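Only heavy atoms go into these numbers, but all of them, side chains included; no hydrogens, no water, no symmetry mates. Quick caveat, the model's predicted, so the values are computed rather than measured.
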Amino acid sequence: MLTDSDLIIFSLSRWDAPYSSPSFSLAKEFARKNRVFYIDHPFSLKDFVSNFRKPSVRARRDALLWGKNIYTKSEKFPPNLTMVTPRLTLPINFLPPGSLYDYLSRFNDKIIFDTIRQIIRDHHVKKFIFFNAFDPYFCRDFPADIRPVKKVYQSMDDLTQVPYTAKHGTRLEADIVKKFDVTLTTSQELRRLKLKHYNEVYLHPNAADFSSFQRALSEKFPRPAELIPAEGKKIIGYTGNIESRIDYELLKAVIEYHPDKVIAMVGPVTTPEHKSIGLTDYPNVIMTGSKKIDQLPAYLQYFDCALIPFKKNTLTRSIYPLKINEYLAAGRPVVATDFSEDIQGFKDVIYIGRDTGEFVQLIDQAIQENNEERVRARTAVANTNTWTARVEKFWEILENQGSKSRVTVHS
């Protein structure tokens with residue numbers, strides 16, 4: 001039985017990152033029944049120096065520098081969940097592929113493997129599954145003394161489409177997919193791409209914390225302070241990173257077509273593309289900044305329509321957006337671009353705009369057609385895409401891995 005294993009999850013997302021993390025959401029769900037050790041993506045020496053004054057770095061200082069106090073527990077999370085901070089690593093992405101990069105990569109790997117050894121020793125781990133959540137820069141080749149019962153890799157994005165990640169990530173991800181027992185992908189397009197390297201590739205999409213986001217329907221929240229100026233107006237909202245995946249010309253069209261409405265952008269600004277349209281200069285745009293995931297239902301409650309205004313390109317073709325099930329669990333009408341095959345799977349409960357003209361007009365239609373029947377249909381779909389369901393499917397995939405009968409997940 002694999003289901004009685006501990007899990008050591010090594011993730012590109014840190015547990016206290018200022019945005020929703022699929023891997024940490026999975027970790028919390030796994031920890032309801034299994035011991036889970038969640039190893040943060042390591043801070044490099046460069047990260048440490050440039051972010052030294054940030055509370056998240058200062059709180060980890062002893063672990064990063066000396067390997068002390070590496071474990072973190074929180075009453076907010078299941079007692080079986082332990083967050084782990086490895087020591088500082090070397091920044092090596094600037095190097096070209098070659099022997100020097102490979103040598104220093106093995107040095108960085110040793111830091112993570114030493115952390116795993118300490119977890120095994122300190123917590124008397126006998127049997128564990130190693131789950132690499134979209135961090136192929138580390139731990140592709142395991143030493144003989146560390147023997148997971150299964151090695152699982154999860155692909156969440158097309159690494160070839162971002163210059164920084166493509167430089168080394170493309171070949172390293174191909175390598176880890178070949179070497180691990182199972183690869184999970186969050187979208188249909190990613191599954192097709194990874195099947196070029198290995199045949200044990202399974203669709204395992206993102207999900208939502210259904211009970212948390214349904215609070216937007218079941219509880220009455222005070223209007224968030226940033227939305228008070230919008231009282232009496234319809235609110236068109238977006239939650240998530242304000243970054244390069246957004247089609248800013250489309251967003252500009254939304255802002256200008258709906259001057260009577262407020263556009264609320266809830267999330268951190270992580271790239272500068274929004275400046276191309278002067279996003280912050282529009283009087284009907286509110287930028288709230290980063291919010292914790294448990295704050296989002298309060299904002300969603302006041303949205304009259306939620307947007308996924310993504311570009312249509314090679315990168316977004318491989319995206320299954322985390323926010324779609326969060327929006328639906330909150331009962332919100334959703335208007336999205338037709339950026340991927342996976343978003344098309346929600347066509348019965350969302351509005352999909354094929355071009356700018358259709359997109360901006362569908363917002364009014366979505367608001368006007370909103371009713372209790374449509375809310376129930378949205379939440380019913382979201383309730384099939386929960387982290388609980390994804391954990392159940394994870395175990396099914398592992399138990400059936402290698403069989404002729406392929407196991408997949410459909411939205």
Decide ring-ring contact (aromatic ring centres under 6.0 Å, His included) for Phe221 and Tyr299; before the verdict, give the C-alpha distance in whole Å, the side-chain angles of both, and the deciding distance to 0.1 Å. CA-CA 9 Å; Phe221 293 102; Tyr299 288 86; 9.7 Å; no
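- Atoms CG and CD1, from Leu328 and Ile350 in turn, are 7.0 Å apart once rounded to the nearest 0.5 Å.
- Contact of the Asn108 side chain with the Tyr137 side chain is not registered, since no non-hydrogen atoms from C-beta on lie closer than 4.5 Å.
- For the atom pair CD1 of Ile352 and CD of Gln344, the computed distance is 4.0 Å after rounding to the nearest 0.5 Å.
- Asn400 contributes atom CG, which lies 13.5 Å from atom CH2 of Trp395 (distance to the nearest 0.5 angstrom).
- Under the rule for a ring-ring contact (aromatic ring centres under 6.0 Å, His included), the partners of Tyr71 that lie at least two apart in sequence or sit in another chain are His123.
- With contacts defined as side-chain heavy-atom distances shorter than 4.5 Å, the pair Asn370/Arg378 qualifies.
- Applying the salt bridge (charged side-chain N to carboxylate O under 4.0 Å, His left out) test to every pair with at least one member in residues 346-362, sequence neighbours left out, gives these pairs: Arg354-Glu358.
- Of the listed residues (Arg140, Lys178, Lys194), just one forms a salt bridge (charged side-chain N to carboxylate O under 4.0 Å, His left out) with Glu173, and that residue is Lys194.
- Note on residues 159-181: pairs passing ring-ring contact (aromatic ring centres under 6.0 Å, His included), not counting sequence neighbours, are Tyr101-His168.
- Aromatic ring pairs are classed by plane angle as parallel below 30°, tilted from 30° to 60° and perpendicular above 60°; the pair Phe10 and Phe130 is parallel.
- Residues passing the side chain to side chain donor-acceptor pair (under 3.5 Å) test with Asp141 are Lys179, sequence neighbours excluded.
- Side chains of Met265 and Ile246 form a contact here, defined as non-hydrogen atoms less than 4.5 Å apart.
- For residues 231-254, every residue pair satisfying the side-chain hydrogen bond (donor to acceptor under 3.5 Å, both in side chains) rule, not counting sequence neighbours, is listed here: Asp157-Arg245.
- Here Trp387 pairs with nothing under the ring-ring contact (aromatic ring centres under 6.0 Å, His included) rule; sequence neighbours left out.
- Scored by the side chain to side chain donor-acceptor pair (under 3.5 Å) test, Tyr282 finds Glu256 as partners (sequence neighbours excluded).
- For an aromatic pair to be called close, the ring centres must be under 6.0 Å apart, and Phe77 with Phe24 satisfies this.
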List the steps, then state whether side-chain contact (heavy atoms from CB on, under 4.5 Å) holds for Tyr198 with Ile176. CA-CA 10 Å; Tyr198 189 54; Ile176 201 170; over 6 Å; no
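- You'll find the side chain of Asn385 reaches within 4.5 Å of the side chain of Tyr320, heavy atoms only.
- By the side chain to side chain contact (heavy atoms under 4.5 Å, CB included) test, Lys33 pairs with no residue at all, sequence neighbours left out.
- Annotation for Arg61: atom CZ does not count as buried by contact number, only 12 or fewer foreign heavy atoms lying within 6.0 Å.
- Annotation: side chain to side chain donor-acceptor pair (under 3.5 Å) contacts of Lys28 (sequence neighbours excluded): none.
- When only modelled atom types and interatomic distance are considered, Ser105 and Asp102 share no side-chain donor-acceptor pair under 3.5 Å.
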With a 3.5 Å cut-off and sequence neighbours excluded, list the donor-acceptor pairs that the side chains of residues 331-341 form with protein atoms.
from, atom 1, to, atom 2, distance (Å)
Arg332, NE, Ala330, O, 3.2
Arg332, NH1, Phe303, O, 2.8
Thr337, OG1, Phe310, O, 2.7
Asp338, OD1, Lys312, NZ, 3.0
Ser340, OG, Ile319, O, 3.3
Ser340, OG, Asp342, N, 3.4
Ser340, OG, Ile343, N, 3.1
Glu341, OE1, Arg192, NH1, 3.2
Glu341, OE1, Arg192, NH2, 2.7

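- Here the straight-line distance linking atom CZ of Phe30 with atom OG1 of Thr3 works out to 11.0 Å at 0.5 Å rounding.
- Partners of Phe52 by ring-ring contact (aromatic ring centres under 6.0 Å, His included), not counting sequence neighbours, listed by chain and number: Phe48.
- The side-chain heavy atoms of Asn284 and Ile263, taken from C-beta on, include a pair separated by under 4.5 Å.
- One N or O on the side chain of Ser187 and one on the backbone of Ser318 form a donor-acceptor pair closer than 3.5 Å.
- Results of the side chain to side chain contact (heavy atoms under 4.5 Å, CB included) test with Phe138 over Ile39, Ile112, Leu12 single out Ile112 as the only residue that passes.
- Taking the six-membered ring where the residue is Trp, the centroids of Phe37 and Phe128 are separated by 6.0 Å or more.
- Taking every heavy atom of both residues into account, Ala27 and Leu81 meet most closely at CB-CD1, 4.1 Å.
- Within 6.0 Å of NZ in Lys167 there are more than 12 heavy atoms belonging to other residues, nucleotides or ligands.
- The salt bridge (charged side-chain N to carboxylate O under 4.0 Å, His left out) pairs that include a residue from residues 203-217 are Arg215-Glu219, where partners are two or more places apart or lie in different chains.
- Rounded to the nearest 0.5 angstrom, Arg35 CZ and Ile8 CD1 are separated by 9.5 Å.
- Considering CD1 of Ile242 and CG of Leu251, their distance stands at 9.0 Å, rounded to 0.5 Å.
- Counting heavy atoms from C-beta outward, Phe134 and Ser23 have side chains that stay 4.5 Å or more apart.
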